[in-house]
Amino acid sequence: MSYQNILHSINILVTSFTVPSNPKVQEEERRMSSQKDKQMFSNPYFIECYYTPKTKEQKEKELRAHQEYKEEIASLPLQQSLQQRPLRLYKGFWFHEIILPGILSLHHHLHPTPSDIFLATFPKSGTTWLKALAFAIGTRNPYALLSRHPHDCSPFIEGFFSGPRLPDLDVLPSPRQFATHIPYSVLPNSVRDSPCRIIYLCREPKDTLVSTYHYSKGMHRPEAAPQPMPLPEAMELFCKGLSMYGPVWEHQLEYWQESQSQPDKVLFLKYEDMKADPEANVRRMAEFMGRPFSVEEEMNGMVGEIVRLCSFEKLSQLEVNKVGVRGKEFGLAIKNSSFFRNGKVGDWREHLTEQMAEKLDAITQAKLYQSGLTYSNS
Ligand code: PAP
C-alpha cells in the first residue's frame, strides 16, 4: 500500500469517527457541509462526491492546499488564450488558470483503481461523442442518453478537483469513467503507473481549430468581456499553442507514442476513422474496456443501436442536449447545445483560406514527422 493510499485510508477512518451517530444530525451535517459546494458543483449526477462529511481540520487543510496551488500558479508564465481567458504555461502546455488548481490537486489526491477508464481528448476533438459511446458501452444502456447529456456521463476530472473542497470519488459506481483534457506527460503518476486504461480520441488539427473557434464564439461572455477575435488571429494563437491545453500537436503525439509503446494502456482512436466506421471502433472500445460484445448482443444489434443513439444526428436533436447551460463553476454559461455544431469531417474547408490551411498543414507535417501519426480524410 502506498504512502498516499495509507493517508487516504486514515482520512476515511478519521472521517468515519467524526460523523455524528444520529441520522438526522448526520443528514443536517451533510446538507450544511455540501451547501456551498452544491452551488459550485451543481451537477446532480456527481454531487454525491461532495457529500462525504469532513472534519474542520480536513476542510482547513484542503483550503490551505488550494491557496498554495493558486500561489504556485500565479508565478507561471501568463498569456491570453484564443478564448480570451488567462492561460498559464505548466510543464510545456497552456492551461486555463482556473483549471490548474485541479491539475495540481490531482497529483496528490487521485488514486485510480485498475477498472477506471479515462477518456482523454484535446478540447473539441469529439469528447462529447466519446463520453456518450463509453457510457453506452459501459452500461449497455444507450437509452439513458435520451435524457442525459453526454457530459453528465463522466466527470471532467481536473474540473472536479479545481475547487477548494476535494471530491470523494469512492462514491461513484464502478467501473468509473472519467474525462480529461490533460496531456499524457502532465497526468498524475498515479494514472500513468496504475493499470487503469485510457482511451484517447484524436482529431485532425484544422477541424479542431475550426470547432474550437466556433465554440469560443458561442460561449456566454460576462458583460465586460471582449468580443471573440477574428479567425485568422485565433489561428495564430492556436499555432503557438495558445488555446486550452495547447499545443494540439504535442498533446496528440504524447498519447500516440504511449499507445504505440503501451497498447494495453492507451487506445488511440481518430475522429475521422470513427465517422467512417463507427461500428468497428465501438467494438474496439468495448474490447479495450474489457466489455466485448457477446454473440447474443451482436445478434440483437446492440452495436448498431449504440452507434445510432450516440450519433451526432440523434444526440443533437434531443431536448436534453438542446436546452440549458453548464460551466457555472468556472464562471461560464456554456449552452448544452454548443457541444453539437455539425460534427463533420473536413468542415475546415468552409472556414479556412488556402493559405491558412497550408500553414497549419506545414506545422502538422513538421511536428508529426516520422511519428507514424497521420490523419485520414483531411
Ligand atoms: P469538448 O472538448 O468541449 O467537450 P468536443 O465534444 O470535443 O468538446 O467537441 C465538440 C465537437 O464534437 C463539435 O464538432 P464541430 O464543431 O466540428 O461540429 C461537435 O459537433 C462534435 N460532436 C458532438 N457530438 C458528436 C457526435 N455524436 N458525433 C460526432 N461529432 C460530435
Side-chain angles (χ1 to χ4, degrees), residues 43 81-83 85 95-96 99 118-137 142 145-146 148-159 177-183 199-220 231 234 238 243-246 248 251-252 269-279 281-282 285 305-318 320-322 325-327 330 332 334-352 375 377-378:
N43 189 318
S81 69
L82 73 84
Q83 293 87 4
R85 291 184 161 254
F95 299 91
H96 271 187
I99 284 294
F118 286 82
L119 307 170
T121 48
F122 185 83
K124 315 325 288 180
S125 301
T127 322
T128 314
W129 191 15
L130 186 65
K131 282 188 175 195
L133 288 169
F135 174 83
I137 294 167
L145 289 162
L146 295 174
R148 188 164 174 169
H149 192 287
H151 281 279
D152 292 332
C153 292
S154 39
F156 172 52
I157 195 74
E158 55 269 39
Q177 293 184 359
F178 301 113
T180 186
H181 291 316
I182 303 177
I199 303 179
Y200 186 78
L201 179 56
C202 164
R203 191 177 192 187
E204 196 278 326
K206 296 195 291 304
D207 276 342
T208 307
L209 163 65
V210 168
S211 185
T212 303
Y213 179 68
H214 284 285
Y215 177 76
S216 56
K217 269 204 317 185
M219 255 184 197
H220 169 80
L231 180 55
F238 188 79
S243 66
M244 299 186 289
Y245 303 85
V248 65
H251 199 288
Q252 296 181 344
L269 301 172
K270 297 180 187 173
Y271 184 92
E272 300 75 26
D273 294 351
M274 304 258 295
K275 287 293 270 192
D277 192 350
E279 294 205 2
N281 283 287
V282 163
M285 279 179 72
E305 206 48 1
I306 289 176
V307 166
R308 184 180 72 80
L309 282 149
C310 295
S311 67
F312 178 87
E313 292 69 25
K314 181 72 190 173
L315 290 181
S316 60
Q317 291 312 310
L318 296 173
V320 65
N321 298 331
K322 286 208 271 190
V325 292
R326 59 183 57 240
F330 305 116
L332 299 169
I334 304 165
K335 287 184 185 156
N336 278 329
S337 60
S338 66
F339 296 94
F340 305 91
R341 192 177 60 94
N342 62 25
K344 285 186 189 157
V345 171
D347 187 50
W348 61 266
R349 290 188 176 84
E350 306 295 324
H351 303 277
L352 304 182
Y375 310 101
N377 305 321
S378 64

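Counting starts at 1 for both ligands and their atoms, following the listed order.
- When atom types are taken as modelled, the side chain of N321 and the backbone of S316 share no donor-acceptor pair closer than 3.5 angstrom.
- At least one heavy atom of N342 sits less than 4.0 Å from an atom of ligand 1.
- Neither the backbone nor the side chain of P150 comes within contact range of ligand 1; no heavy atom lies under 4.0 Å.
- The ligand atoms of ligand 1 that sit less than 4.0 angstrom from a heavy atom of P123 are 2 (O).
- Using 4.0 Å as the threshold, F122 has no heavy atom nearer than that to any atom of ligand 1.
- Ranked by closest heavy atom to atom 30 (N) of ligand 1, the top entry among Y271, W129, F312 is Y271.
- Ranking protein heavy atoms by distance to atom 12 (O) of ligand 1, first place goes to G126 CA, 4.0 Å.
- For ligand 1 and H151, the ligand atoms under 4.0 Å from any heavy atom of the residue are 4 (O).
- In this structure, D152 does not pair ionically with K131, as no charged nitrogen and carboxylate oxygen lie closer than 4.0 Å.
- Relative ring orientation between F122 and H251 is described as perpendicular, the plane-to-plane angle rising above 60° on a 0-90° scale split at 30° and 60°.
- The contact set between ligand 1 and S211, taken as ligand atoms under 4.0 Å from a residue heavy atom, comprises 11 (C), 13 (C), 14 (O), 15 (P), 16 (O), 17 (O).
- Using a non-hydrogen distance threshold of 4.0 Å, M274 does not register as a contact of ligand 1.
- Among R203, H214, K344, the residue whose heavy atom lies closest to atom 17 (O) of ligand 1 is R203.
- If you number the atoms of ligand 1 from 1 as listed, the ones under 4.0 Å from a heavy atom of S311 come out as 27 (N).
- Atom numbering of ligand 1 starts at 1 in the shown order; those under 4.0 Å from a heavy atom of G343 are 15 (P), 18 (O), 20 (O), 30 (N).
- Ring pair F156/H181: centre-to-centre distance below 6.0 Å.
- Against a heavy-atom cut-off of under 4.0 Å, F340 is close to the following atoms of ligand 1: 20 (O), 23 (C), 24 (N).
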